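Encoded as structure tokens, the structure appears first; notes follow it.
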Amino acid sequence: MKPDTALFAIHDVSDFPIVRFRPETAITGYAPLWENDMDALLRHGVPFVMLFETERSDEAHVDRKRRGLWLKHNKVALAAICRGLVSVEADAQERARLQAMAAGAMKAFGIVQEVAATREEADALMVWLLGSGRMARPRAAPEAES
């Protein structure tokens, strides 16, 4: 069962259990709307994965702080139903940087975070996360340098 799309301002839930972050909505002051979306996902109570298809813009400090507090207070509830976060980044160096940052976030919030090179790879990761959840998967071999 999909959540009511009318309840969401920051995330696209039309392909639930895939929840897409819509970066164009993340303008300064968006954190309360983000919280409403996340609260609605928690109330819905059905496992999902989050997808970040495009680079996120610089986030205002006030929004980052508010989101961080929400995540801290809802860490256990969110980890119980969010099977993971998947970002798409084509650039190998940027992908490695994002994956290194994701490792710290995984420790802090208990949610698997992956960075895919393509949307197709992201789709496979999301299927894997929804099916098996928390088990570690083998990493792809590092790309050979030309």
Side-chain angles (χ1 to χ4, degrees), residues 1-140:
M1 181 173 167
K2 291 183 182 184
D4 182 356
T5 58
L7 298 176
F8 294 84
I10 304 298
H11 298 92
D12 176 356
V13 295
S14 61
D15 289 330
F16 192 85
I18 296 169
V19 176
R20 284 182 184 82
F21 177 75
R22 296 181 316 132
E24 70 277 8
T25 64
I27 58 173
T28 300
Y30 83 101
L33 296 173
W34 179 90
E35 288 175 352
N36 290 340
D37 283 10
M38 298 307 291
D39 288 338
L41 287 168
L42 291 181
R43 282 191 306 275
H44 189 64
V46 177
F48 65 92
V49 294
M50 297 200 86
L51 175 62
F52 298 89
E53 292 180 275
T54 58
E55 182 179 332
R56 293 177 250 180
S57 61
D58 288 333
E59 183 175 31
H61 176 74
V62 66
D63 292 315
R64 186 173 39 257
K65 182 177 178 181
R66 186 161 177 169
R67 282 189 330 97
L69 288 171
W70 186 96
L71 288 165
K72 180 180 176 182
H73 289 106
N74 294 281
K75 174 182 175 175
V76 173
L78 186 60
I81 61 170
C82 182
R83 298 295 182 246
L85 283 69
V86 177
S87 298
V88 179
E89 176 54 60
D91 180 80
Q93 288 183 316
E94 182 65 8
R95 191 168 53 253
R97 186 186 72 78
L98 291 172
Q99 193 65 54
M101 288 174 43
M106 284 190 280
K107 288 181 183 178
F109 299 111
I111 298 171
V112 174
Q113 296 190 27
E114 296 286 348
V115 184
T118 65
R119 176 55 200 268
E120 292 76 22
E121 184 181 331
D123 287 342
L125 283 167
M126 289 184 292
V127 168
W128 173 82
L129 287 166
L130 286 166
S132 65
R134 314 223 180 267
M135 295 171 47
R137 71 172 177 89
R139 294 261 180 231

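Both backbone and side-chain heavy atoms feed into the values below; hydrogens, waters and symmetry mates do not. Keep in mind it's a predicted model, so treat the numbers as computed, not measured.
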Side-chain touch Leu78/Leu42, heavy atoms, less than 4.5 angstrom: yes

Under 6.0 Å from the CG atom of Leu69, do we count more than 12 heavy atoms belonging to anything else shown? yes

Tightest non-hydrogen contact, residues Ala26 and Phe21, listed as CB-CZ, 3.7 Å

Mind listing the closest non-hydrogen atom pair of Asp63 and Ala31 along with its distance? OD1-N, 3.1 Å

For residues Leu41 and Val19, determine if any side-chain heavy atom of one lies less than 4.5 Å from a side-chain heavy atom of the other. yes

Checking the side chain of Lys2 only, and the main-chain atoms of Ser14 only, is there a donor and an acceptor separated by less than 3.5 Å? yes

Donor-acceptor pairs under 3.5 Å, side chain of residues 3-11 to any protein atom, not counting sequence neighbours: which ones?
unit_1 : atom_1 : unit_2 : atom_2 : d
Asp4   : OD1    : Ala6   : N      : 3.0
His11  : ND1    : Asp37  : OD2    : 3.0

With side chains defined as the heavy atoms from C-beta onward, is the minimum distance between Met38 and Asn74 less than 4.5 Å? no

Within the distance-only criterion (no hydrogens, no angle test), does the side chain of Lys75 pair as donor or acceptor with the backbone N or O of Ala108 below 3.5 angstrom? yes

Please list, chain by chain and in numerical order, all residues satisfying side chain to side chain donor-acceptor pair (under 3.5 Å) with Arg20, sequence neighbours excluded. Asp15, Glu53

Distance col, row Thr118:OG1 vs Leu125:CG, nearest 0.5 angstrom, shows 9.0 Å

Here the gap from Leu98 atom CG to Gln93 atom CD, rounded to the nearest 0.5 Å, amounts to 12.0 Å

Determine the minimum heavy-atom distance between Pro17 and Leu130, stating which atoms define it. CG-CD1, 3.6 Å

Show every ring pair (Phe, Tyr, Trp, His ring centres under 6.0 Å) that has at least one partner inside residues 70-94, sequence neighbours left out. Trp34-Trp70

Carboxylate-amine/guanidinium proximity below 4.0 Å for Glu89 and Arg97: no

Verify, without hydrogens or angle tests, whether Glu121 (side chain) and Ala116 (backbone) share a donor-acceptor contact under 3.5 angstrom. no

Rounded to the nearest 0.5 angstrom, the CE-CD distance for Met50 and Gln113 is 10.5 Å

Thinking salt bridges, do Asp39 and Arg43 make one under a 4.0 Å N-O criterion? no

Decide yes or no for Asp123 and Val86: does some side-chain heavy atom of the first lie under 4.5 Å from some side-chain heavy atom of the second? no

Are Arg83 and Trp128 packed together at the side-chain level, in the sense that at least one heavy-atom pair is separated by less than 4.5 angstrom? no

Hey, what do you get for CG (Leu129) to CG (Leu51), rounding to the nearest 0.5 Å? 11.0 Å

Heavy-atom closest pair (Arg95 atom, Val115 atom, distance to 0.1 Å) is CG-CG1, 3.3 Å

Looking at Met1 and His44, what are the two nearest heavy atoms and their distance? O-NE2, 2.8 Å

Are Arg67 and Tyr30 linked by a side-chain donor-acceptor pair shorter than 3.5 Å? yes

